[in-house]
Amino acid sequence: MEKAAFEGWLESVSTTFLALSDQQRNQSLDHLISLSGAAQLRHLSNRLEALLKRDFLRLLPLELAFYLLRWLDPQTLLTCCLVCKQWNKVINACTEVWQSVCRDLGWRIDESIQDATHWKGVYLKAKLRMKQLREEDAFETSSLIGHSARVYALYYRDGLLCTGSDDLSAKLWDVRTGQCVYGIQTHTCATVKFDEQKLVTGSFDNTIACWEWSTDYNDELDTLVSGSADFTVKVWSLSSGTCVNTLTGHTEWVTKVHLQKSQVESMMHSPGDYILLSVDKYEIKVWPIGREINCKCLKTLSVSEDRSVCLQPRLQFDGRVIKPQQDPSSLSLLSFGEVFALLFDNHHLYVMDLRTEVTVGRWPLPAYRKSKRGSSFLPGVTAWLNGLDGKNDAGLVFATSMPDHSIHLVLWRENG
């Protein structure tokens with residue numbers, strides 16, 4: 001058929017087709033399809049795919065595409081990255097999406113980093129770490145061997161663990177290498193503490209000793225505070241070794257003392273000033289730090305009016321109630337943050353997501369020493385409890401003294 005005649009015929013057929021009902025149009029198409037060969041059917045298939053299978057992610061404005069992507073779960077997002085180069089490019093450019101999935105896994109988000117590819121990589125690393133926690137593969141263990149008698153006192157700071165023992169010694173250990181970096185002969189240690197220059201030991205023989213294990217001395221307060229079985233709290237000058245104040249008012253053995261900067265203002269202090277917290281079996285007392293004789297307690301907090309509830313050393317509380325999946329009567333709380341809590345019982349160490357109250361990981365523990373005299377266990381690095389960031393999941397997690405006088409360490413395994 002000549003071109004002009006064909007165009008006239010096509011115009012006439014088109015006009016007639018548009019005048020038909022939907023049913024008549026469908027019948028006409030079915031008849032034409034039945035008359036078509038392979039070349040026509042292939043042409044029809046290609047045209048229909050372009051018309052019906054539209055790439056909405058390519059066609060939508062980027063802001064709308066990002067909004068839709070936020071509704072997808074992480075695994076679906078990763079699958080969508082495989083659809084085509086364009087989808088992979090769009091998804092990898094959505095910073096908010098990858099930050100959100102990282103946050104859901106308990107990861108801390110630095111809002112100043114707006115590189116979506118960075119956060120996608122963080123998510124993949126976070127996903128692996130959470131998988132390791134679930135499968136009991138996130139930690140590893142080691143032992144510190146060097147004491148010849150029971151170890152009661154433990155204190156951890158900046159990669160160093162201090163241990164105090166009945167063998168009349170205190171030692172500082174590098175938990176990464178397992179090497180003892182400093183040791184002293186002292187009294188039987190009930191508690192130990194150290195900073196960059198000093199190591200302090202307290203004993204059941206009613207004495208406190210301060211040792212300079214590093215050169216240079218610089219202390220903001222020049223103050224040491226101790227609590228005793230005689231119901232008193234004593235404030236000491238470290239430079240002179242003299243007691244400058246004795247605080248009275250407790251009616252039970254003072255099991256915990258803690259110096260910290262105040263965040264509120266009162267008649268006795270301003271924000272940023274140091275205050276003292278002292279704890280006995282039933283009460284917490286708040287004191288100003290000064291050298292006035294007969295210093296008055298600022299506040300006394302009672303656990304219960306009838307003393308039916310007791311405080312324990314290392315107790316932490318911010319108003320939240322933690323409801324673990326395990327039997328709570330056998331659990332002890334080691335530490336907690338904004339995202340995770342670290343708990344343990346006689347057999348396992350547990351990591352709980354406080355947002356869901358679900359145990360996301362656990363680790364088996366040996367038969368460790370349980371002591372009412374001094375600390376026999378403690379948490380290590382706790383910054384990760386406020387959210388993992390890919391860097392703070394390293395170092396010591398948990399330490400406990402063992403019946404064979406060694407110290408059992410639980411450490412983060414390198415995130416491969």
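Source: prediction; values computed, not measured.
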- Can you check whether Gly387's main-chain N or O pairs, donor with acceptor, with Asn392's side chain at less than 3.5 Å? yes

- Task: For residues Leu276 and Val286, determine if any side-chain heavy atom of one lies less than 4.5 Å from a side-chain heavy atom of the other.
- Result: no

- Query: Parallel, tilted or perpendicular for His348 and Tyr350, by the 30°/60° rule?
  - Reply: tilted

Listing, residues 134-145 side-chain donor-acceptor contacts under 3.5 Å, not counting sequence neighbours, or none:
{"unit_1": "Glu135", "atom_1": "OE1", "unit_2": "Lys131", "atom_2": "NZ", "d": "3.2"}
{"unit_1": "Glu135", "atom_1": "OE2", "unit_2": "Lys131", "atom_2": "NZ", "d": "3.2"}
{"unit_1": "Glu136", "atom_1": "OE2", "unit_2": "Arg362", "atom_2": "NE", "d": "2.8"}

- Listed partners of His408 passing side-chain hydrogen bond (donor to acceptor under 3.5 Å, both in side chains), at least two apart: none

- Message: Between Lys391 and Asp389, does any side-chain N to carboxylate O distance fall below 4.0 Å?
- Response: no

- Residues two or more places apart in sequence or in another chain: which of them pass side-chain hydrogen bond (donor to acceptor under 3.5 Å, both in side chains) with Glu111? Arg103

- Item | Non-neighbouring partners of Ala399 that pass side-chain contact (heavy atoms from CB on, under 4.5 Å), sequence neighbours left out | Leu161, Leu378, Leu396, Ile407, Leu409

- Mind checking ring pair (Phe, Tyr, Trp, His ring centres under 6.0 Å) for Phe66 and listing every partner two or more places apart, or none if nothing turns up? none

- Partners of Arg176 by side-chain contact (heavy atoms from CB on, under 4.5 Å), sequence neighbours excluded? Asp174

- Could you tell me which residues satisfy side-chain hydrogen bond (donor to acceptor under 3.5 Å, both in side chains) with Glu96, sequence neighbours excluded, listed by chain and number? Arg70

- Message: Are Phe194 and Tyr155 an aromatic pair, judged by ring center distance below 6.0 Å?
- Response: yes

- Just do the side-chain hydrogen bond (donor to acceptor under 3.5 Å, both in side chains) check on Ser226 and Trp236 with the steps written out, would you? CA-CA 8 Å; Ser226 62; Trp236 306 81; 2.9 Å; yes

- Quick one: sort the Phe398 and Phe344 rings into parallel, tilted or perpendicular, breaks at 30° and 60°. tilted

- Message: The criterion is side-chain contact (heavy atoms from CB on, under 4.5 Å); which residues satisfy it with Ser203, sequence neighbours excluded?
- Response: His187, Thr188, Asp205, Thr207

- Report the residues that fulfil side-chain hydrogen bond (donor to acceptor under 3.5 Å, both in side chains) with Thr300, sequence neighbours left out, ordered by chain and then residue number. Lys285

- Query: With a 4.5 Å heavy-atom cut-off, do Trp363 and Val397 have their side chains touching?
  - Reply: no

Quiz: residues 26-35 side-chain donor-acceptor pairs under 3.5 angstrom, not counting sequence neighbours:
{"unit_1": "Asn26", "atom_1": "ND2", "unit_2": "Asp22", "atom_2": "O", "d": "3.4"}
{"unit_1": "Ser28", "atom_1": "OG", "unit_2": "Gln24", "atom_2": "O", "d": "2.9"}
{"unit_1": "Ser34", "atom_1": "OG", "unit_2": "His31", "atom_2": "O", "d": "2.5"}

- Item | Set of residues satisfying side-chain contact (heavy atoms from CB on, under 4.5 Å) with respect to Leu78, sequence neighbours excluded | Gln75, Trp98, Lys120, Tyr123, Leu124, Lys127

- Considering only heavy atoms from C-beta outward, does the side chain of Leu72 approach that of Cys80 to under 4.5 Å? yes

- Task: Please identify each residue that fulfils salt bridge (charged side-chain N to carboxylate O under 4.0 Å, His left out) with Asp167, with sequence neighbours left out.
- Result: none

- Message: Would you say that more than 12 heavy atoms from the other residues, nucleotides or ligands in this model lie under 6.0 Å from the OH of Tyr67, or not?
- Response: no

